[in-house]
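For reference, the structure discussed in these notes is given below.
Just so you know, these numbers use all the heavy atoms, side chains as well, and skip hydrogens, waters and symmetry mates.
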Amino acid sequence: QVQLVESGGGLVQAGGSLRLSCAASGRTSGHYAMAWFRQAPGKEREFVSAIAWSGGNTASADSVKGRFTISRDNAKKTLDLQMNNLKPEDTAVYYCAGRNSIWLATLMTEYDYWGQGTQVTVSS
C-alpha cells in the first residue's frame, strides 16, 4: 500500500499564493502517476491537475490553467501544487492521489491511493 499525506493548506487572500505538497510512503517502489483533486462544500470532488510518472506530461482543469503548476520529485517521493492568483472559488479541500500506472489520468475512479486532504480557504 501507498500512503499519501498532504500539507501546505491554509487561509490566504484572493490574489495570493500557496504551495501544497504531498509525501508518499509505504510501497513506493512502483511507478505512479499522481494528481490533485479538490472538493468544495456541497460539491462533488473535481479534477485539478495531474502528472505522469516521468513528469514530462501534465494536465490541468481549465479553471486553474495558467495559475496552478503541478510538479514532482521522484527521488524525494513528493508531489507539489503551486497555486498562484488564488480566487475565492478555489476554496476547497485538496486531495493528493496516485495510480498504479505511469500514465496520467483525470478521472477519480482511475486513482488507487488517496490522501486525507488539506484545507485551502481563499478570502475575498
Side-chain angles (χ1 to χ4, degrees):
Q1 283 287 352
V2 175
Q3 289 81 47
L4 302 174
V5 178
E6 302 95 337
S7 62
L11 174 63
V12 64
Q13 288 188 332
S17 298
L18 278 176
R19 188 176 184 88
L20 304 183
S21 292
C22 174
S25 62
R27 290 191 175 183
T28 57
S29 58
H31 294 178
Y32 305 97
M34 304 289 292
W36 290 96
F37 289 79
R38 67 186 182 186
Q39 188 167 17
K43 294 187 177 181
E44 293 187 351
R45 195 170 298 187
E46 65 176 5
F47 169 74
V48 175
S49 193
I51 187 167
W53 163 254
S54 67
N57 235 12
T58 63
S60 293
D62 288 343
S63 59
V64 306
K65 280 181 181 176
R67 300 188 298 123
F68 292 11
T69 303
I70 190 171
S71 61
R72 66 188 299 162
D73 185 329
N74 289 341
K76 295 182 179 179
K77 300 178 182 179
T78 57
L79 173 74
D80 290 337
L81 185 68
Q82 177 65 43
M83 305 186 295
N84 298 328
N85 191 21
L86 282 160
K87 304 176 180 180
E89 51 264 43
D90 294 319
T91 295
V93 177
Y94 283 70
Y95 297 91
C96 170
R99 65 190 299 255
N100 293 318
S101 170
I102 62 173
W103 308 113
L104 65 83
T106 62
L107 298 179
M108 279 181 53
T109 54
E110 295 179 284
Y111 283 84
D112 304 295
Y113 309 106
W114 292 86
Q116 293 300 305
T118 185
Q119 177 70 47
V120 171
T121 303
V122 184
S123 63
S124 57

- Message: Whether the side chain of Q13 engages the backbone of S123 through a donor-acceptor N/O pair (distance < 3.5 Å, no angle test) should be reported.
- Response: no

- Query: If two hydrophobic side chains count as joined below 4.5 Å and joins carry through other members, does Y32 share a cluster with Y111?
  - Reply: no

- In terms of hydrophobic clustering (I, L, V, M, F, W, Y; side-chain heavy atoms under 4.5 Å; direct or indirect links), are I51 and L4 co-clustered? yes

- Message: Within the 3.5 Å criterion, strictly below it, is a donor on N84 or Q82 matched to an acceptor on the partner's side chain?
- Response: yes

- Item | Neighbour count >12 (heavy atoms, 6.0 Å) for atom CD, E46 | yes

- Message: I want to check something: taking the side chain as every heavy atom from C-beta on, are L86 and F68 in contact at a cut-off of under 4.5 Å?
- Response: yes

- Nearest atoms (heavy-atom pairs only) where G117 meets E6: N-OE1, 2.9 Å

- Message: With rounding to the nearest 0.5 angstrom, report the OG to CG distance, S71 to L81.
- Response: 8.0 Å

- Flag, side chain of S49 to backbone of A59, donor-acceptor distance under 3.5 Å: yes

- Note on the structure: Here the pair of heavy atoms bringing M34 nearest to C96 is CE-SG, 3.6 Å

- Message: Show, in sequence, the C-alpha distance, side-chain angles and deciding distance for E44 and M108, and conclude whether the side chain to side chain contact (heavy atoms under 4.5 Å, CB included) test is met.
- Response: CA-CA 11 Å; E44 293 187 351; M108 279 181 53; over 6 Å; no

- Message: Is there a path of hydrophobic side-chain contacts, each under 4.5 Å between heavy atoms, that joins Y95 and L20?
- Response: no

- Pairwise distance CG(N85) to CZ(R67) - rounded to 0.5 angstrom: 6.0 Å

- Please report the C-alpha distance between K65 and D62 in whole Å, then the side-chain angles of each, then the deciding distance to 0.1 Å, and finally whether the salt bridge (charged side-chain N to carboxylate O under 4.0 Å, His left out) criterion is met. CA-CA 5 Å; K65 280 181 181 176; D62 288 343; 3.2 Å; yes

- Query: Just by distance, do the side chain of T121 and the backbone of T91 share a donor-acceptor pair under 3.5 Å?
  - Reply: no

- Query: Between the main-chain N or O of A52 and the side-chain N or O of R72, is there a donor-acceptor pair closer than 3.5 Å?
  - Reply: yes

- Message: Set out, in order, the CA-CA distance, both residues' side-chain angles and the distance that settles side chain to side chain contact (heavy atoms under 4.5 Å, CB included) for R45 and W114, then state yes or no.
- Response: CA-CA 12 Å; R45 195 170 298 187; W114 292 86; 3.4 Å; yes

- Message: Minimum heavy-atom separation for A40 and A92, please, with both atom names.
- Response: N-CB, 3.8 Å

- Note on the structure: For N100 and D112 the tightest heavy-atom approach is N-OD2, 2.8 Å

- Please confirm whether the backbone N or O of R27 pairs with a side-chain atom of Q1, one donor and one acceptor, at under 3.5 Å? no

- Using atom types as modelled and distance alone, determine if a side-chain donor or acceptor of N74 lies under 3.5 Å from a backbone N or O of W53. yes

- Between V64 and R38, does a side chain to side chain contact (heavy atoms under 4.5 Å, CB included) hold up when you go through it step by step? CA-CA 12 Å; V64 306; R38 67 186 182 186; 4.0 Å; yes

- Does V48 belong to the same Ile/Leu/Val/Met/Phe/Trp/Tyr cluster as V12, with side-chain heavy atoms less than 4.5 Å apart forming each link? yes

- Hey, mind stepping through M83 and D90 against side chain to side chain contact (heavy atoms under 4.5 Å, CB included) and telling me if it holds? CA-CA 10 Å; M83 305 186 295; D90 294 319; over 6 Å; no

- Query: Any chain of hydrophobic side-chain contacts (each under 4.5 Å) joining L104 to F47?
  - Reply: no

- Task: Would you name the heavy atoms of S21 and D80 that are closest together and state the gap between them?
- Result: OG-OD1, 2.8 Å

